[in-house]
Each structure stands twice: as C-alpha cells, then as structure tokens.
Asker: 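Attaching a single structure in structure tokens format; questions to follow.
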Amino acid sequence: MRFTIVVQGGPYTSQASLSAWHFARAVVATGHEIYRVFFYHDGVYNGNSLLTPPQDETDLHMAWCTLGRDHGCELVVCIASALRRGMLDDGEARRYEKPLANLNKLFIVSGLGQLIDGAISADRTVTFGN
Amino acid sequence: MILHTLNKSPEHAALGRCCETIATGDVLVLLEDGVYCGSAGRDRQVGELLAQNIAVYAINADVQARGLAVRMTRGVTLIDYEGFVQLCTEQASSKRWG
Amino acid sequence: MGMTLNCDKEGFLRQLQDWTPEAATQLAANEDLQLTQEHWEVIYLVRRYYQTFNISPPTRVLVKIVGDQLGPTKGRSIHLMQLFGGKPAKLVAKIAGLPKPTNCD
Amino acid sequence: MPANPGTQNAPSIGTTAGPAERPNKTLLFVQSQAPHGTLYGQEGLDAIMMGSAFTECAVLFVGDGIYQLLANQDTSLLASRNYSVSYRALADYGVEKLYCTEADLQQRGLTVADLVVTPCVIDSRALQALMTSFDVILDF
C-alpha cells in the first residue's frame, strides 16, 4: 500500500515528528511505500538544516534526510506554512529578498495541493500532530 | 472502519471525544501521552471500550519510555510501529484525536 | 512620468495600505497594462471580496464571483485571461493591492 | 548539506495536475481547535479551500473547533487574522457541507444562530456514520 504521512508537529517541541518518523520507517520496513511525507503547520521546522541537537539525542532533521535519500521518499514542505515560519529554500529566499535559506535541499517546497494530492492518491493517509 | 489514534493523556478532553465517536469494528491506537489512557488507575474509559469488544492497542516504545510496561491494562495490546502500519492497512481510514 | 511606488522585485506593493486607484494604474502600467472599465470592475470586486472575507480568491473562485456579480458572460476564465493574462488571480492581486500570493496556485 | 538528487524532479506546484485522472476520493476535514490559540484552524481552513479544487470536501467541527465559527470575532486589538469571516466564502469554493454536533453546541451554550455560517447539526450516531462515509479524514 501507498501511504501519505502528514506531520504537523515541530521537532523538539512535541513528539509528533518523532512518532511520524518511526511510522515512516516502519512503512518502508514492512514493504509498503511512502507516497509522500507532507510537513504542515509546525511540522515544516523538520526541514530546518540549521537544527543542531546535542550529539547524544536523535537528530530528527538528519533522520528525515536519511529516509528521503535512502528510500527516495518525497519530503514536501507546505510553502505557506514554511514562509510564515521562516523556512525558506534558495528560490523563496530570493523571491522575498531574505538574507539566507535554511531549508535542506532534500525537502521540496510546494503548495497545499500536494497535501490534497497525497490524501487522494495514496491508499492511506495518517496524520501526526500535537 | 476507522483507525483512531489518541496521543493525549486522560487529562485531556480528546479521550472522551474519541470514546464517544468510536464504533464497533473501529480500533484505537494509543501513542505518545495517549498510552497513559491504558494504564492502571487511568483506564476507566479504555476499559469500557474493551468491554464493548473494541480493540485497543498501545505503541510499545511509548509505554516503555514512560515506565508503564508493568502498569498497562490487561486487554490493551502492545504493538511496535510495524504493527501500527499493519493496522492502518486493515482499516479504511484513520482519525487523529489530540 | 508615473508615480514612485514602494514595490518588491516582483512588482508587488510592500505595504498594502499604499494602495490607491492611482497606484493601481501605475502597478498596471508596470505590467504594460492600461486599465479599462472592465479591469476596474474586477479590481473593485476583488478588493470588496478581500475586505469582506479576508481572503484573496484563486482564479477558480475569481471566475465564480465575477460571474455571480458581473454576469455570466464575464464570469469565464477566458474573459479574465483576456483582461489580466495567463494567471489572472496573481495579476489582479498585484494591481488590486491584495497580499502577494504564495507560489501555491 | 547532503547532495540532492530529487529537487530537480520536484512536482509541479499546486493544482496544475487536474483531478480528472485521480480516483474520486472524498475528504472530511476535522477542525478541533479553538481559533487564535493555535494556528491549526487557520491553516486547516487553507487546506479545506485547496481541497475544494480537487474533490468533494466537507468540514466537521468537533469540540472547541466550533468556536472558530463564533460570530463577532474582532481580532483588530490582537493583530491576528480574523479567518472566521472567511468561512462565509466557503460556498464560493464549492464547500457546502459543514457539520457540528448538538452536544458540542450545548456544552458551550451555543446555537447555530451564534455562528457566522450555519452548519448541519448532527448527533453522535450520525457523527460515526459521517466519518465512515468519507475516504480520508484530515485532522487539524
């Protein structure tokens, strides 16, 4: 089956994104497919390449990156949620004349249409929030 | 049928709303702080669900992390995340309470 | 000639309260567009809609409300594209002094 | 920063892919948070409006979520977005089906006359049937 996973919680604020990551790994491990991980609301903070947790804590940002890289799983950040929370890729940083971009390049900035497409196209949609 | 997830402790109104809405054939997965709803002394509503033959599961990692392994209500089934995924495939949709 | 407006690189007003009809004329001129009566009725409709509902309508909804309020012959995307080009909601937002749309639709 | 093989293949943005070739799944959006205390309601409404461009959508207000529809919200002193009035535009987006429960209204001393739009008031049995009748539930 194909899963869309919606992540609404920010890392290190609630457990939502840690749960979502465990769930995503289990989807892959059980032979199912991740159609898309959609980061919405505070979930967009998971894409922040500047996150620097202590070395003896799980690096959730890198954990998502590993999942995206090793399993080709699509990590999509909602553009409207991301912009208002200061999560920008190079293109948006230029567009809004901001001094830097902090969104990891493994994350794709896209519109809310990708949430709806994910919900419609996947066999199952599971939401993690706080 | 629907897989309900609950990630709040019994302090929170989410438990009551979930229990009012859940129907026969649905399943409940307790995760994060939701696992307290299935622990000794806090399990009244979950006990009622079990009595109605509604299956209640709890994420083992959350149970272990909170020191609840010896305090969970009999009848609540501990699952890992793979089990969670399996339950999702068996239910038509999922609903988050929190 | 032309007034000096405080716009960003994409030609959107930085401060929405700077909007005036004269500003709209200049914003349109920046896009090589000369506003006619048919443009103005859409501009004012969209501003009213924004002030009433606190949202900028996407093209699909713009077509509907133009149809509802200005008549079915105008409530067609072809009419709005003739007036405001290929992405009517975006250009209308710019000229009518509505918030810059996110690259969402 | 890790190398990125995927970005060049980023999907096109927003609604460019038409809904026609998709399975016609229906979406139930659930609003469960009071307005202003969190951004869930506002961002949930954005999702509802986007959803309406794709498929049949309905909105269920549960618990404190019904407060999002309370009339006379004035956010000018707060300097926050008053999106309660935006719900009145949902019909223009083709979203006509709004639901709440009698119990949630009663517990809060509300009637539909207190709301900016008029949702369909249902009981808890109908609530179960409603949730089961949609293909996907999106919670906010």
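To find a chain, count down the sequence lines: A is the first, B the second, and so on, and within it residues start at 1.
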Asker: Side-chain donor-acceptor pair under 3.5 Å between B:Y36 and B:D43, yes or no?
Answerer: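 Their side chains do not contain a donor-acceptor pair, so the 3.5 Å distance test is not met.
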Asker: Report which part of A:S14 has an atom under 4.5 Å of a heavy atom belonging to chain B: side chain, backbone, both, or neither.
Answerer: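 Neither part.
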Asker: I need the minimum non-hydrogen distance between B:Q45 and B:L15, along with the two atoms involved.
Answerer: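 Answer, listing the atom of B:Q45 first, then B:L15: OE1-CD2, 3.2 Å.
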Asker: Can you tell me if A:D70 and A:T66 form a side-chain donor-acceptor pair at under 3.5 Å?
Answerer: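 Short answer, no.
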Asker: Quick check on A:F128 against chain B: is it the side chain, the backbone, both or neither that has a heavy atom closer than 4.5 Å?
Answerer: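 Contact with chain B: backbone and side chain both.
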Asker: What pair of heavy atoms forms the shortest contact from A:M1 to A:R124, and how long is it?
Answerer: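 Heavy atoms only, the tightest pair is CE-NH2, 3.4 Å.
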Asker: Checking B:K95 against chain A: side chain, backbone, both or neither under 4.5 Å from a heavy atom?
Answerer: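 B:K95 has no heavy atom closer than 4.5 Å to chain A.
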Asker: If you count heavy-atom pairs under 4.5 Å with chain A, which of B:L3, B:D62, B:T5 comes out on top?
Answerer: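 The residue among B:L3, B:D62, B:T5 with the greatest pair count is B:D62.
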Asker: Under 4.5 Å heavy-atom distance to chain B, tell me which part of A:S19 shows up: side chain, backbone, both or neither.
Answerer: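 Looking at A:S19, backbone and side chain both touch chain B.
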Asker: Charged N to carboxylate O below 4.0 Å: is that the case for A:R25 and B:E82?
Answerer: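 No.
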Asker: Using non-hydrogen atoms and a 4.5 Å limit, figure out which bit of B:A61 sits close to chain A: side chain, backbone, both or neither.
Answerer: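 Answer is neither: B:A61 stays 4.5 Å or more from chain A.
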Asker: Counting only heavy atoms closer than 4.5 Å, note whether B:D80 contacts chain A via side chain, backbone, both or neither.
Answerer: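 When you check distances to chain A, no heavy atom of B:D80 falls under 4.5 Å.
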Asker: Does the side chain of A:H61 pick up a donor-acceptor pair with the side chain of A:N104 at under 3.5 Å?
Answerer: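 Distance-only check passes for A:H61 and A:N104.
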